Every structure is written in C-alpha cells, then in structure tokens.
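To start, the structure itself, in structure tokens.
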Protein chains: 2
Amino acid sequence: MATLGDLERTVMDLLWAAPEALTANELRDAIAEAPSGEVGRELAVTTVLTVLSRLEKKGLVERERDSRPHRYRSVTSREDHTAELMHEVLVTAPDREAVLARFIGSVSEAEAETLRKLLGGS
Amino acid sequence: MATLGDLERTVMDLLWAAPEALTANELRDAIAEAPSGEVGRELAVTTVLTVLSRLEKKGLVERERDSRPHRYRSVTSREDHTAELMHEVLVTAPDREAVLARFIGSVSEAEAETLRKLLGGS
DNA sequence: CGAAACTTCTACATGCCGTAGAAGAAGTTC
DNA sequence: GAACTTCTTCTACGGCATGTAGAAGTTTCG
C-alpha cells in the first residue's frame, strides 16, 4: 500500500492543487506559506527534492527531466488516487458486501444521493 | 490513521475470524498453523503479547483482564473497521463526489448491484 | 570562465514494527 | 508454603520508512 507521511502528503496536496507542474523551489515556497500547515515550515530545498524523489519512486509523481529546473507533477489526480486507495481498503475484507453496507451508512445523504445517480443506469 | 503491519494484520485477521476471545497462546498456535501465511512462523508468545498490547493501545483490541490467561478480542468487526477506514480515506479529499464517481467505476458489477439495493429507498 | 542555481549522494534522527529475553506476579502442586 | 509452572510486563534491538539537510557534482548564464 502507498501510505504517505505528513510531508509527503503536504507535497502531494500542493501538486494536486497546482494547475501546472512545479519546481522544487516553488514547492518549498508553497510549503513555507502553507495555509494548511500551522507553523511556517522553512525547509531546505534538498528536503523537498528528497521527498519528491521518494514520491517518484512510489509512482505518485513524475518529473520533466529535460526542462532544467525539473518540474514535478502528480501522476494521477487526487480523486483517482483516493478512489484507488478506497478500493484497496475494500478488497482487504473477505465480505465486501458487508463492508459496503457499513460504508453506505457512514456517508452523508448528499453523498448517498450522488451514488444513486452514479449507479442509476445499467 | 491506523495502518497495520503484517503481523498486526495477521493477528487482527485471526481475532476477527474467531467466535470467542483468544489467549496469546492460542493466537501463537494459530499463527504457526496459519493457512494464510506461507512458512510456518514459530513466534515467541511474548512477541504475540507485544503485538496485542500495541493493538490494544491503538484501540483495535481489548482484553479480559480478570480471566487469568488474558483473553483478547477485536473491538470492532472486520467489516466495521474496513468501512471506517474507507470513510477515513474518502474524507481526505476535498471533492468527495468526484472520488465516489471514480470509486464506483472500480467496483465489480455485483458490488454495484449491492450498492443499488442498499441505496434503493429514500 | 566563474558564479549562481540545480541535482544527486550520503547521512542522521526518530518512530513504528517484528521479535524476543529477563524479570516480576500469580496460580498450582505436594 | 516452597518450589514449579504459567502469564504478564518491561526493556531492548535491528530494520525500514520518513523528515531533514549538508557536501559534492553538474548545468546554466552572464
């Protein structure tokens, strides 16, 4: 499974939110002024690069190696990634139907409505 | 989040499968003859006890302290736990509806059918 | 070419997990 | 109740993931 640490998560959040691929420096600055984090985290750029390398190794991030300040982007959207994770969790249980039953009970009415629409056809 | 290691997972699987609370020794034996694992793992009982303590600290397991060989049981069913995990994953994303849309696409037809039934009314 | 920017390598601390011995507590047997 | 057995708790160590970053090597720009 691909479990992320806090900093890794922060970096992914920024990459997912960004419309374009970002450089390590841009990420460093974004983390510093992070509205999500509490204290201003002044990280060294190498720290960010290390995290990005690890995320790349995990297949979550890819980089443009040709453009000189390498630019990093997420491989999948946050939604795809999250949905994939949910599915991975689901299949760990033998009785998936029972899990889904509980799961349905935990979502909001709005979400249930969404599901109904999505499942409508077929 | 409550991410489990391999041994922790094995122990939880056994506790979830057991109809009654188990002692550390029973668990040790069950792990040794584990049909799930590959090689026979002859663990020391203290190892199992340590794992159980950690699981207890995580709130996944509780024990009967009065009965002398303490007996351990899972606090929640595997289905509840799994559904809870799925929900935790879901809420990490801001756009839950988009996540659900992707998620629906990843489940089997049988599971989709189950969901339709569960969502049926209202 | 020389400085500035960037990347890669290497490293260390911390925390979680697998694993278990040593020591202490409790129940069991004559 | 003293010795023996059985359990539990404490402590510990090695490995791996992660946060963090300096040192050294590479590329770019003026």
Side-chain angles (χ1 to χ4, degrees), chain A residues 1-15 20-32 34 36-73 85 88 92, chain B residues 1-15 20-32 34 36-73 85 88 92:
Chain A
M1 179 118 49
T3 300
L4 300 183
D6 289 340
L7 181 49
E8 290 177 328
R9 179 78 205 182
T10 300
V11 169
M12 286 310 298
D13 279 342
L14 289 169
L15 288 179
E20 295 294 323
L22 299 176
T23 67
N25 260 303
E26 289 167 348
L27 277 167
R28 196 203 76 91
D29 294 344
I31 294 169
S36 48
E38 338 65 44
V39 261
R41 314 215 302 165
E42 295 281 331
L43 295 178
V45 181
T46 52
T47 299
V48 178
L49 281 165
T50 301
V51 171
L52 285 168
S53 293
R54 288 172 182 166
L55 289 172
E56 190 184 27
K57 190 176 305 176
K58 291 184 189 178
L60 291 178
V61 158
E62 64 187 5
R63 73 172 99 180
E64 300 169 9
R65 278 203 134 82
D66 41 327
S67 72
R68 230 335 106 153
H70 290 184
R71 294 195 154 267
Y72 300 77
R73 80 164 57 77
L85 261 191
E88 275 178 34
T92 61
Chain B
M1 180 118 48
T3 300
L4 301 182
D6 288 341
L7 181 50
E8 289 176 328
R9 180 76 205 184
T10 300
V11 170
M12 286 310 298
D13 280 342
L14 289 168
L15 288 180
E20 294 295 323
L22 300 176
T23 67
N25 260 304
E26 290 167 347
L27 277 167
R28 196 203 75 91
D29 295 344
I31 294 170
S36 48
E38 339 66 45
V39 260
R41 314 213 302 165
E42 294 281 330
L43 294 179
V45 181
T46 52
T47 300
V48 178
L49 281 165
T50 302
V51 170
L52 285 168
S53 293
R54 288 174 181 164
L55 289 171
E56 189 184 26
K57 191 176 306 178
K58 291 183 190 181
L60 292 178
V61 158
E62 64 188 4
R63 74 171 97 180
E64 299 170 8
R65 278 202 135 83
D66 41 328
S67 72
R68 227 336 102 155
H70 290 184
R71 295 196 154 266
Y72 300 76
R73 79 163 57 78
L85 261 191
E88 276 178 33
T92 61

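Protein chains get the first letters and strands the later ones, always in sequence-line order, with residue 1 at the start of each. The structure presented is a predicted model; accordingly, all values stated were derived computationally and were not measured.
Going from atom CG of D6(A) over to atom C1' of dC16(C) covers 14 Å, rounded to whole Å. Atom CZ in R68(A) sits about 6 Å away from atom P in dT7(C), given to the nearest Å. Straight-line distance from the CG atom of L52(A) to the C1' atom of dT20(D): 14 Å, rounded to whole Å. The nearest whole Å value for the distance from the CG atom in N25(B) to the C1' atom in dC7(D) is 9 Å. With rounding to whole Å, L55(A) atom CG is found 14 Å from dA17(D) atom P. Atom CD of E26(A) is separated from atom C1' of dA5(C) by 14 Å (rounded to the nearest Å). Whole-Å rounding puts the K57(B) NZ to dC10(D) C1' distance at 12 Å. Atom-to-atom, CG of L49(A) to P of dT7(C) comes out at 6 Å; the value is rounded to the nearest Å.
Under 4.0 angstrom from either OP1 or OP2 of dA21(D) there lies at least one side-chain N or O belonging to T47(A). In this model, the phosphate group of dC6(C) is not approached by any side-chain N or O of R63(A) to a distance below 4.0 Å at OP1 or OP2. OP1 or OP2 of dT8(D) lies within a sub-4.0 Å distance of a side-chain N or O belonging to H70(B). Between R71(B) and the phosphate of dT8(D), there is no side-chain N or O to OP1/OP2 separation shorter than 4.0 Å. Here R65(B) does not reach the OP1 or OP2 of dC7(D): none of its side-chain N or O atoms lies under 4.0 Å away. An OP1 or OP2 oxygen of dG19(D) is reached within less than 4.0 angstrom by no side-chain nitrogen or oxygen of R41(A).
Backbone-only contact: L7(A) has heavy atoms under 4.0 Å from sugar-phosphate atoms and none from a base. L4(B) comes within 4.0 angstrom of nothing in the nucleic acid, heavy atoms only. Within 4.0 Å (heavy atoms only), R9(A) reaches no atom of the nucleic acid at all. Backbone-only engagement by K58(A) is indicated by non-hydrogen atom pairs under 4.0 Å involving sugar-phosphate atoms exclusively.
Evaluation of atom-type donor-acceptor distances gives no pair under 3.5 Å for the side chain of T3(A) against the base of dA17(D). Remark: the R54(A) side chain and the dG19(D) base include a donor-acceptor N/O pair separated by less than 3.5 Å.
Residues R71(B) and E26(B) are paired through a salt bridge, judged by an N-O separation under 4.0 Å between the basic side chain and the carboxylate. No salt bridge links R73(A) with E20(A); every basic N to acidic carboxylate O contact stays at or beyond 4.0 Å. Salt bridge absent: E8(A) and R54(A) never bring a charged side-chain N and a carboxylate O closer than 4.0 Å.
Between K58(A) and L4(A) the shortest heavy-atom distance is NZ-CD2, 4.0 Å. The heavy-atom pair separating Y72(A) from L15(A) by the smallest distance is O-CD2, 3.5 Å.
To the nearest 0.5 Å, atom CZ of residue R28(B) and atom CG of residue L14(B) are 13.0 Å apart.
Closest approach to the E8(B) side chain among dC17(C), dT19(C), dA21(D) is made by dC17(C) (side chain taken as heavy atoms from C-beta onward).
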